[in-house]
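Encoded as structure tokens, the structure appears first; notes follow it.
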Protein chains: 2
Amino acid sequence: MANSKLYKGSLVTIILRLLKENEKMYGYEITQKVKQITQGELQITEGALYPALHKLEAQGLLDVDVQKVGNRLRKYYKLTPQGQKETHSKLQELQAYIKTMQVLVNPKWSLES
Amino acid sequence: MANSKLYKGSLVTIILRLLKENEKMYGYEITQKVKQITQGELQITEGALYPALHKLEAQGLLDVDVQKVGNRLRKYYKLTPQGQKETHSKLQELQAYIKTMQVLVNPKWSLES
DNA sequence: AAATATACATAAAATTCTTAGGCATGGTGT
DNA sequence: ACACCATGCCTAAGAATTTTATGTATATTT
């Protein structure tokens, strides 16, 4: 997941955000979508993704729909109503995080306009 | 450290950034400064901070200067030349992270203006 | 025929942080 | 005098998340 440790903790937010946009997605699709959107900057590893999906499902934030495409299985995930709420919450947390970090990083301190 | 998991991985960046601004700081001062700047949003716990400082020192990114103020010890940390380079690098990573996350979060996909 | 892509999965280890203490000085309130 | 909180350092057990390393199987490309 990139060489930056900053991505630690943002996997769930990313997953939820993608599912908000795409209605239903399967695991492998998520990894590819993220790679594409970020132009390779961010690579979600399967060892992190699948456990995360299982946990989100266990928490009632995602529903699963297993489909057989050709001869292969796909597990399509989609947001539950509760998952939609959580998505909204996570996105607000992200905005707050970014805002806070920018305050910490930008030297407008001791000025406090 | 806030209720958001997004802060995971950003502690070192925060420490380095503060030391870039403040020349020399001691641990407790860092916790208070962060609390103040973020108006309580972000509380750095000492259980995370001190091991992080020790590690940065061991990596040669920080130098320590122990001083006795009144009857109490203070360990003042400051950036080494290598620490300054690393700070620059970490700040660029933060910019990249924010940019990437905003791309992931903002729905300009499949448009790619 | 071999290599790569698709598609799922788990498990050990590493990393980072939280939680929960411990020790000591100094000031403030009762 | 005594309790409590702020200052100032510290560590260690556990939790949570991710990396790394596999495993299995089918489909496509070279």
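Keep in mind that the numbers below use all heavy atoms, side chains included, and drop hydrogens, waters and symmetry copies. These numbers come from a predicted model, not from an experiment. In what follows, every chain begins at residue 1, and chains take the letters A, B, ... in the order their sequences are listed.
Within the 4.0 Å cut-off from OP1 or OP2 of dT18(D), not a single side-chain nitrogen or oxygen of Y7(A) is found. OP1 or OP2 of dA27(D) has at least one side-chain nitrogen or oxygen of N71(A) nearer than 4.0 Å. The side chain of T45(B) places no N or O atom within less than 4.0 Å of a non-bridging phosphate oxygen (OP1 or OP2) of dC17(C). Residue H54(A) has no polar side-chain atom (N or O) positioned under 4.0 Å from OP1 or OP2 of dC8(C).
Atom CG of L73(B) and atom C1' of dC10(D) are 12 Å apart (whole Å). In this structure, CZ of R74(B) is placed 15 Å from C1' of dA24(C), rounded to the nearest angstrom. Atom C1' of nucleotide dC9(D) and atom CG of L49(B) are separated by 11 Å, given to the nearest angstrom. Residue K35(B) contributes atom NZ, which lies 11 Å from atom C1' of dT7(D) at whole-angstrom precision. Residue Q43(B) contributes atom CD, which lies 16 Å from atom P of dA20(C) at whole-angstrom precision. As rounded to whole Å, 19 Å separates atom P of dA24(C) from atom OH of Y28(B). Protein atom NZ of K75(B) is 9 Å distant from nucleotide atom C1' of dC10(D), rounded to whole Å. Nucleotide dT18(C) holds its P atom 7 Å from the NZ atom of K8(B), rounded to whole Å.
Looking at heavy-atom distances under 4.0 Å, R72(A) makes contact with a base. Base engagement by G47(A) is indicated by at least one non-hydrogen atom pair under 4.0 Å involving a base atom. No engagement by E29(A) is indicated, since no non-hydrogen atom pair under 4.0 Å with the nucleic acid exists. Using a 4.0 Å heavy-atom criterion, one finds that G70(B) contacts no nucleic acid atom at all. Residue K68(A) is out of contact with every strand shown, counting any heavy-atom pair closer than 4.0 Å.
Out of dT11(D), dC17(C), dT10(C), the shortest distance to the side chain of A48(B) is found at dC17(C). In the set dT26(D), dA16(D), dG26(C), dA16(D) carries the atom at the smallest distance from any side-chain atom of K5(B). Side-chain proximity of E46(A) to dT19(D), dC9(D), dA9(C): nearest is dA9(C).
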Could you walk me through whether Q102(A) and I98(B) pass the side-chain contact (heavy atoms from CB on, under 4.5 Å) check? CA-CA 9 Å; Q102(A) 280 175 337; I98(B) 290 176; 4.1 Å; yes
Criterion side-chain contact (heavy atoms from CB on, under 4.5 Å) on L79(B) and L61(B), from CA distance to verdict:
CA-CA 6 Å; L79(B) 295 175; L61(B) 304 180; 5.9 Å; no
TODO: Check the pair E46(A) / Y28(A) against side-chain contact (heavy atoms from CB on, under 4.5 Å), numbers first and verdict last.
DONE: CA-CA 8 Å; E46(A) 298 179 325; Y28(A) 186 78; 3.8 Å; yes
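The residue among Q32(B) and Y50(B) whose nearest nucleotide of DNA chain D is located toward the 5' end is Q32(B).
Minimum interatomic distance between S10(A) and Y97(B) (heavy atoms only, all atoms of both residues): CB-OH, 3.6 Å.
The environment of H88(A) atom NE2 is sparse: at most 12 non-hydrogen atoms of other residues, nucleotides or ligands sit within 6.0 angstrom.
The side-chain heavy atoms of D65(B) and K24(B), taken from C-beta on, include no pair separated by under 4.5 Å.
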